[in-house]
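The block underneath contains the structure these notes are about, expressed in structure tokens.
FYI, side chains are in, hydrogens and waters are out, and symmetry mates aren't considered; it's all heavy atoms of this structure.
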Amino acid sequence: MQAITVFCGSSSGRKPIYAAQATSLGETLAQSGITLVYGGAQVGLMGAVADGALAEGGKVIGVIPGFLGRKEIAHSGLTELIVVKSMHERKQRMNELCSGVIALPGGFGTLEELFEMLTWGQLGLHQKPIGILNVDGYYDDLIKLLQSMVSNGLLRESNYAMVLVDESIDKLLQKMKDYEPPREKKWMTASQT
């Protein structure tokens, strides 16, 4: 993997471990020669992951819509800052720049970005690995919901398997390197419903 997009909060959250793990992820990506692509802000977990990578001499590309430049406070020390017009263009550009995705703790925006990438993968628009760094069990309830979707027949097991989860950065990166996308198609025929 040459570049990984990281989705995460523009807030740091209440637990110091969130920022510590964001920083560690940035450091690990830089040490592994993997470019960090992220939302371009210098605040919250976004700033922590970028600062971690930059501290280790890593390449960091930020993608931020112009209207968020002041709210999220665009990071001034990046390798490259790409300013786009819309949130949709931001996600599209981040997708184009990366070979995999990791979600750290975050709010609505992080979940929306994560699920859009999962949906695109489910539809065969990309075959990139998508990881969740489950810091201190942050995503445990979300994982239970996804399992409920499978047990209720609303999500295929093969699509659930697209979600790579670990609490360890190194183990998650290994799962992403070993990832094989689902082979079956998304669409069902009338006889399969």
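Contact detail for Glu113 and Phe7: the closest heavy-atom pair is OE1-CD2, 3.2 Å. Closest of all the heavy-atom pairs between Tyr38 and Val60 is CE2-CG1, 3.6 Å. Minimum heavy-atom separation, Val43 to Ser10: CG2-O, 3.5 Å. Contact between His126 and Gly121 at its shortest, heavy atoms only, is NE2-N, 3.4 Å.
At a cut-off of 3.5 Å, with distance as the only test, no side-chain donor of Asp170 or Gln174 sits close to an acceptor on the other residue. At a cut-off of 3.5 Å, with distance as the only test, no side-chain donor of Asp166 or Asn134 sits close to an acceptor on the other residue.
Residues Leu29 and Ile4 are in side-chain contact: their nearest non-hydrogen atoms beyond the backbone lie under 4.5 Å apart. Annotation: side chain of Ile130 is in contact with side chain of Leu114 (closest heavy-atom distance under 4.5 Å). Between Glu80 and Ile82 the shortest side-chain heavy-atom distance falls below 4.5 Å. For the pair Val37 and Val6, the minimum side-chain heavy-atom distance is 4.5 Å or more. A heavy-atom distance below 4.5 Å is found between the side chains of Asn159 and Pro182. With contacts defined as side-chain heavy-atom distances shorter than 4.5 Å, the pair His75/Asp51 qualifies.
Atom CE of Met87 and atom CD of Gln92 lie 14.0 Å apart (nearest 0.5 Å). Rounded to the nearest 0.5 Å, atoms NZ (Lys177) and CG (Leu172) are 11.0 Å apart.
Remark: Glu112 engages Lys91 in a salt bridge, criterion side-chain N to carboxylate O under 4.0 Å.
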